[in-house]
Amino acid sequence: MSINVYICETTIKFIKMKLKQILVVAIITGFMFSCGADKKSETGETEKVETTEDFDFNVEQFADIKVLRYQIPGWEDLTLKEQKLAYYLTQAGLSGRDIMWDQNYRHNLKIRKALENVYANYGGDKNTDDWKAFETYLKRVWFSNGIHHHYSNAKLKPEFSSDYLKGLLADTNAALEGEAFDVIFNDEDAKKVNLTKDVDNVLLSAINFYGPDVTTAEVEDFYKKKVSPNPEKPLSFGLNSQLVKENGVLTERVYKSGGLYGSAIDEITKWLALAQGVAENKAQGDALGLLIQYYNTGDLQTWDDYNVAWTAATDGNIDYINSFIEVYNDPAGYRGSYETVVQIKDFDMSAKMSVLSENAQWFEDNSPLMAEHKKDSVVGVTYKVVNVAGEAGDSSPSTPIGVNLPNANWIRAAVGSKSVSLGNIIHAYNNAGSSGRLKEFVHDDEEYELEEKYGQIADKLHTALHEVIGHASGQLNPGVGETKETLKKYASTLEEGRADLVGLYYLYNPKLQELGLVDDWKSVGKTAYDGYIRNGLMTQLIRLNLGDDVEEAHMVNRQWVSAWAYEKGLADNVIEKVTRDGQTYFNINDYEKLHALFGQLLKETQRIKSEGDYQAVEDLVEGYGVKVDQAIHAEVLERNKQFTGAPYSGFVNPVLVAEKDDNGDITAISVDQNDTFNGQMIRYSTDYSFLPSEN
Ligand code: ZN
């Protein structure tokens, strides 16, 4: 599955069903939330680290879309061979770009080619409202890989007339006729994926996975008859084909060399073979070999063999996703959308996490937990952050921020899965805004400056501590059941809050400096505490509508941790609620005492977990985490109004430029960040156009 908001591994299962709702919340407000990591809800006011210096994450904005760019930290640390591997994998990915366009809708490629022809050749007045509307429409089509909105699935509405488009087409000798022209303006094929209750979802979805006359019942009937040779290891029937009627008989048109999309697939495998030639190790190379074989044959047994091999191939600095993967775009849930993500290990985060992991026992021994709740032998949780080097297909320009694959449940059970969060993508989201929102909600200049200077490192360390140490810490009392049985619906928020608290407890601690993770532990700790409280008591409320309760597990826990600490510290004025010019701020007066309070709450949450104390978790969560102070909420929403931007974001890819010697051998590969959105889209359409308009 792909994770469009980043969620830590422990909560993936819980959240899977709720993903769509959460995604809506995150996208509407333009914020990402991560498991424990993003204590700050402000986008774009974190510290500028080395790689971030002077880097402009913003490309442009149109309609409801904000286009950003991302950096590839660590690129220079790769060997040329590793760079080649990443380069070949991105080329393989881009070679299949048009597959996604055709999968999305049968007229997409025809329409795109006509619109791009107009865009490139029109010599008339480009200052009119009509032309601007045309350009915006084309950008929206580019962004969505077709004429349906990438997120809502509704057909995009042009703000120019059919006569205007006819004129443009005539002026540029471009052809677009019949259904492909009419559909831009009429009500046909209104939804790419139609999931409305009580209608025929396959029949009414415009997605090109099925012939236009195929019904849901026919699809179900067709796959009911398919039997896997080994029922313990069910094949992914329907994953790599289109299902159409030929002479009234249902037939699969398989995506493979020589089959449907064969001309693009041959380009993909050409690059995959080059990648295989520079594989980092045998396991990785063998997996690539199986992927090529799968593309050549379309054989679903080979697909499973590949997934087993790919899942087991965990060594190396480069990894990738490439194929027909997620089935969200199929109303019947069989067919995979083409996508690719090329990933480089995040060396910085990996180094931090291994330091923490090596010292996991120290953190356990020195935690404020009751002795009987501490583990004698604790092992840090393995958690992977990668940086993206290139994306295509379903994951571009709109991208997930985490991925957990493979999807086949039996492989996940037998071999495991790879779960990664896309660090540089999340970083770009978090840095694309202005510092305006931060300025609005900080109490004073010191708080602002600390955030600017240490926000980034505090954020990364909190993520690492939360994931590696937090989720690994503590043990249940003998005989006490799993928390989903004892704490029921509060299990998730308690666990996330507990992991957050482990992070908070150690973020304000000289041990981090001793381990070489920070150069000023006190400033990093203060920054982390400021950010957590500011978010938990105020800024995360911008994600909610006035009157709503807090519901999402991480948001709930950030509020109960913050609100509990605020209340318990009232007598000592640990956190002060300040009203200035009618506006509210929370200022931390005593970091030492707040540290002690976090420790106290950590001890209590571990006790609740270890004993399975349902009454206590209910009191904690309902008492502090769910209900919102209406006056503060209204105030926060009002103050935030000035900062709201486009609700959806996506990315142009950095361009990997290969320099070659006289023999055509690659001597160096550099990263070019100068692509514009339009420029990149046109270039992709020119350089990676391997399919006919009709397939
Ligand atoms: Zn977590």
Side-chain angles (χ1 to χ4, degrees), residues 7-15 33-39 356 360-361 363-375 378-381 383 461-477 480-509 528-529 532-533 535-536 540 550 552-565 568 594-626:
I7 299 147
C8 76
E9 285 174 69
T10 53
T11 50
I12 278 175
K13 278 211 183 84
F14 170 78
I15 273 168
F33 37 93
S34 64
C35 167
D38 105 322
K39 309 158 301 298
L356 292 177
Q361 195 63 50
F363 287 103
E364 186 74 352
D365 294 345
N366 288 277
S367 83
L369 305 187
M370 291 183 233
E372 65 266 36
H373 297 152
K374 290 186 187 182
K375 279 182 182 154
V378 67
V379 179
V381 170
Y383 167 77
L461 272 175
H462 197 192
T463 304
L465 283 163
H466 172 115
E467 301 288 351
V468 180
I469 304 298
H471 283 308
S473 170
Q475 63 183 359
L476 299 182
N477 287 357
V480 173
E482 291 296 315
T483 55
K484 64 176 186 288
E485 295 154 20
T486 57
L487 306 181
K488 301 186 173 78
K489 68 170 179 169
Y490 301 115
S492 247
T493 191
L494 195 277
E495 176 61 13
E496 292 314 321
R498 198 188 57 75
D500 262 9
L501 284 160
V502 172
L504 289 166
Y505 186 74
Y506 285 118
L507 272 163
Y508 189 80
N509 195 309
Y529 284 17
Y532 199 91
I533 294 298
N535 181 51
Q540 74 168 355
V550 188
E552 193 277 322
H554 297 82
M555 288 180 69
V556 172
N557 92 243
R558 288 175 197 139
Q559 182 169 302
W560 62 251
V561 169
S562 305
W564 184 96
K568 299 298 169 192
L594 184 53
H595 175 252
L597 285 170
F598 284 145
Q600 197 184 323
L601 186 55
L602 170 57
K603 184 176 170 188
E604 170 63 4
T605 54
Q606 182 61 53
R607 185 199 64 76
I608 292 172
K609 181 181 175 183
S610 294
E611 296 177 6
D613 187 343
Y614 182 84
Q615 190 55 52
V617 74
E618 186 181 59
D619 293 347
L620 181 62
V621 176
E622 298 294 341
Y624 298 94
V626 177

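The residues of the chain are indexed from 1 along the displayed sequence. Every heavy atom of this structure was used, including side-chain atoms; hydrogens, water molecules and symmetry mates were not. As the structure is a computational prediction, the values presented were derived from the model and not from experiment.
Annotation: K375, atom NZ; neighbour count of heavy atoms from other residues, nucleotides and ligands within 6.0 Å is above 12. Heavy-atom neighbours of E482 CD from other residues, nucleotides or ligands within 6.0 Å: at or below the threshold of 12.
Going from atom CD of E485 over to atom CG of L487 covers 10.0 Å, rounded to the nearest 0.5 Å. H554 NE2 to H466 NE2: the interatomic distance, rounded to the nearest 0.5 Å, is 5.5 Å. Of the inter-residue distances, the one linking L507 atom CG with L501 atom CG reads 11.0 Å to the nearest 0.5 angstrom. Expressed to the nearest 0.5 Å, how far CD of E496 lies from CH2 of W560 amounts to 9.5 Å.
Contact between Q361 and V378 at its shortest, heavy atoms only, is OE1-N, 2.8 Å. Nearest heavy-atom pair across T605 and L494 is O-CD1, 3.7 Å. Minimum heavy-atom separation, A565 to L594: CB-CD1, 3.8 Å. Residue G503 comes nearest to H462 through the heavy atom pair CA-CD2, 3.5 Å, listed as atom of the first residue, atom of the second, then distance. T483 and K609 make their closest contact through CG2-CG, 3.6 Å (heavy atoms, listed as atom of the first residue, atom of the second, distance). The heavy-atom pair separating G599 from P368 by the smallest distance is O-CG, 3.5 Å.
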Task: side chain to side chain contact (heavy atoms under 4.5 Å, CB included) between R498 and Q606, intermediate numbers included - done: CA-CA 7 Å; R498 198 188 57 75; Q606 182 61 53; 3.1 Å; yes

- [ ] Check step by step if side-chain hydrogen bond (donor to acceptor under 3.5 Å, both in side chains) holds for E611 and H373.
- [x] CA-CA 9 Å; E611 296 177 6; H373 297 152; 4.6 Å; no

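Residues that satisfy the ring-ring contact (aromatic ring centres under 6.0 Å, His included) test with H595, not counting sequence neighbours, are Y505, Y508. V480 meets the side chain to side chain contact (heavy atoms under 4.5 Å, CB included) test with N477, T486; sequence neighbours excluded. Applying the side chain to side chain contact (heavy atoms under 4.5 Å, CB included) rule to E604 yields the partners R607, I608, A616; only residues at least two apart in sequence or on another chain are considered. Annotation: side chain to side chain contact (heavy atoms under 4.5 Å, CB included) contacts of Q615 (sequence neighbours excluded): D613, E618, D619. Partners of Q475 under the side-chain hydrogen bond (donor to acceptor under 3.5 Å, both in side chains) rule, at least two apart in sequence or in another chain, do not exist in this structure. Under the side chain to side chain contact (heavy atoms under 4.5 Å, CB included) criterion, Y506 pairs with W362, F363, N366, S367, L465, V502, N509, sequence neighbours left out.
Judged by distance alone, with hydrogens and angles left aside, the side-chain atoms of S473 form no donor-acceptor pair with the main-chain N or O of E364 at under 3.5 Å. Judged by distance alone, the side chain of Y529 and the main-chain N or O of L504 form a donor-acceptor pair under 3.5 Å.
Between L601 and L620 the shortest side-chain heavy-atom distance falls below 4.5 Å. Y532 has its side chain within reach of R558: a pair of non-hydrogen atoms, C-beta onward, lies under 4.5 Å apart.
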